[in-house]
Protein chains: 2
Amino acid sequence: MSNLKSEHIPRATIQRLAIYVQVLESLRNDNVEVISSEHLARICDVNPSQIRKDLAYFGEFGVRGVGYYVQDLNSSIKKALGVDRTWNCALVGVGNLGRAILRHKVFKQRGFHIAGAFDCDPFKIGEVVSGLEVICSRRLPEKVKELNIEIGVITTPPERAQRAANYLVDANIKGIITFAPTRINVPDHITVEYVDFFHHFFNVAFNITLKDRED
Amino acid sequence: MSNLKSEHIPRATIQRLAIYVQVLESLRNDNVEVISSEHLARICDVNPSQIRKDLAYFGEFGVRGVGYYVQDLNSSIKKALGVDRTWNCALVGVGNLGRAILRHKVFKQRGFHIAGAFDCDPFKIGEVVSGLEVICSRRLPEKVKELNIEIGVITTPPERAQRAANYLVDANIKGIITFAPTRINVPDHITVEYVDFFHHFFNVAFNITLKDRED
DNA sequence: GCATGTGAACAGGTTCACAGCT
DNA sequence: AGCTGTGAACCTGTTCACATGC
């Protein structure tokens, strides 16, 4: 019952759609009602046909001769991506980064609700962070079921990432987002996303170096 | 005096090189001395020729019939990317995320040293976070010069990101990495990298949705 | 012999140009 | 008239296959 027009959607498209949503929501707050692909493209710094192509994967959302209704387009994209609802997440690893994510309201705003915080450090278990009690990672299976969690977020140090992943797999999680700088092994049916901000740092360093080397 | 073999290097290549460095460093810790492109490829989950092509942009680092010397390759890549030295960074916006980054030792380990923390909130100015005193953002120009800072890291809320960017531009920064979910405007000669972990969340949500819709 | 380095073939994503609607 | 939707052209990045060199 998929309403996709095409089979495979480029990951770059998903990334851009996330940006469009970001921009559309801020446009909506500014009470902009209609926008053309050309205008939206300028804001997002992409090619207008790129936007139209990206949207074409999912359907026809615009009005010819007019443009796109901001509100409509926004909810259509979110619906197409499956982010028109709340996703419950389990965060594993209550360190600095974990705490920052737990406190970051934007996650909830965008539909990703951290419903449980887990750690295997006995000193952390029981502590309350941002209204959530830290629970022993071993209890993931029971809690995932109870709290209706579908996504796992790994924020452990690299050496404990695989163990965290194992707990999540055992708990029957459907997808994992890991911030730990290591590759992890999980069964094929589980989607894994690696968040790696270092390549952004590398890229900036490289670009600066390139420019400096030009002399 | 560039030692690049080719003019433009795909951003995807840079991203993978960052992964290779990550993996090579962990291999080195495990005392692995030599590795073939095939083996490295399996770990990084890419195609072996991909690795060889990525490296070919910068030179010849391998030994035919043998493979790559882990230690050598690691330092060669870092040198090629310009991350074989320390980069001083200014962090603007001492909120939850900013604090997490300030405390995250990995940044320093990888050569990105946060040398100054800035905020415009008078309640935060003067506070000491992870050994750094929070300084008024207005003082960026003087501090950037004094501390020899080349990279700016924006961790403000979205509505203050542009202002932070302006301060950084005025301070003559060379590159910016922003974690705020908004587009910012800066002069062309300044490299900007947008860190956006939401698309990872979107992607996981989308993949799960796809799988669920298959029924 | 064996794994790298690389030109040639391929695949996939992006842009163009215009047909199709409103 | 104007902007979307889309097939075709283009271009960039990936994979293949083999020549090259240790």
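Proteins come first, then strands; the chains are lettered A, B, ... in the order of their sequence lines, and each starts at number 1.
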Inset, instruction - Give a yes/no on whether any side-chain N or O of B/Y57 is located under 4.0 angstrom from OP1 or OP2 of D/dG13. - result: no
Inset, instruction - Ignoring backbone atoms, establish whether A/R16 has a side-chain N or O less than 4.0 Å from OP1 or OP2 of C/dT14. - result: yes
Could you work out, with side chain to side chain contact (heavy atoms under 4.5 Å, CB included) as the rule, every residue matching [X], not counting sequence neighbours?
X: B/A161; value: B/I154, B/T156, B/A180, B/T182, B/I184
X: A/C44; value: A/I19, A/Y20, A/V23, A/L40, A/V46
X: B/N96; value: A/A100, A/R103

Legend entry - More than 12 heavy atoms from other groups under 6.0 Å of NZ on B/K79: no
Inset, instruction - Name every residue in residues 23-33 of chain A that has at least one heavy atom under 4.0 Å from any atom of DNA chain C, in order of residue number, or write none if there are no such residues. - result: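 Contacting residues: none.
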Inset, instruction - Specify the residue among A/A12 and B/F61 whose closest nucleotide of DNA chain C lies further upstream toward the 5′ end. - result: B/F61
Inset, instruction - Kindly indicate whether a cation-pi arrangement holds for B/R110 with A/F198, taking the cut-offs as under 6.0 Å to the six-membered ring centre and within 45° of the axis. - result: yes
If I take atom [atom1] in residue [X] and atom [atom2] in nucleotide [N], what distance separates them, rounded to the nearest angstrom?
X: A/L73; N: D/dC3; atom1: CG; atom2: P; result: 16 Å
X: A/I35; N: D/dT4; atom1: CD1; atom2: C1'; result: 14 Å
X: B/Y68; N: D/dC22; atom1: OH; atom2: P; result: 14 Å
X: A/E60; N: C/dG20; atom1: CD; atom2: C1'; result: 10 Å
X: B/R11; N: C/dT14; atom1: CZ; atom2: P; result: 13 Å

Inset, instruction - Considering non-hydrogen atoms only, spot the tightest contact between A/Q162 and A/N185 and give its length. - result: OE1-N, 2.9 Å
Inset, instruction - Sort out for me which residue in B/T178, B/I173, B/V186 forms a side chain to side chain contact (heavy atoms under 4.5 Å, CB included) with B/L168. - result: B/I173
Legend entry - Salt-bridge criterion met for B/E150 and B/R85 (N-O under 4.0 Å): yes
Inset, instruction - Under 4.0 Å from any atom of DNA chain D, heavy atoms only: list the residues of residues 36-54 of chain A that qualify, in numerical order. - result: A/S36, A/S37, A/R52, A/K53
Inset, instruction - Check every atom of C/dG5, C/dG13, D/dG2 against the side chain of A/R64 and return the nucleotide holding the closest atom. - result: D/dG2
Inset, instruction - Please collect all salt bridge (charged side-chain N to carboxylate O under 4.0 Å, His left out) contacts where either partner lies in residues 185-208 of chain B, sequence neighbours excluded, each pair once. - result: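 Checked against salt bridge (charged side-chain N to carboxylate O under 4.0 Å, His left out) - neighbours excluded - the pairs reaching residues 185-208 of chain B are B/R11-B/E193.
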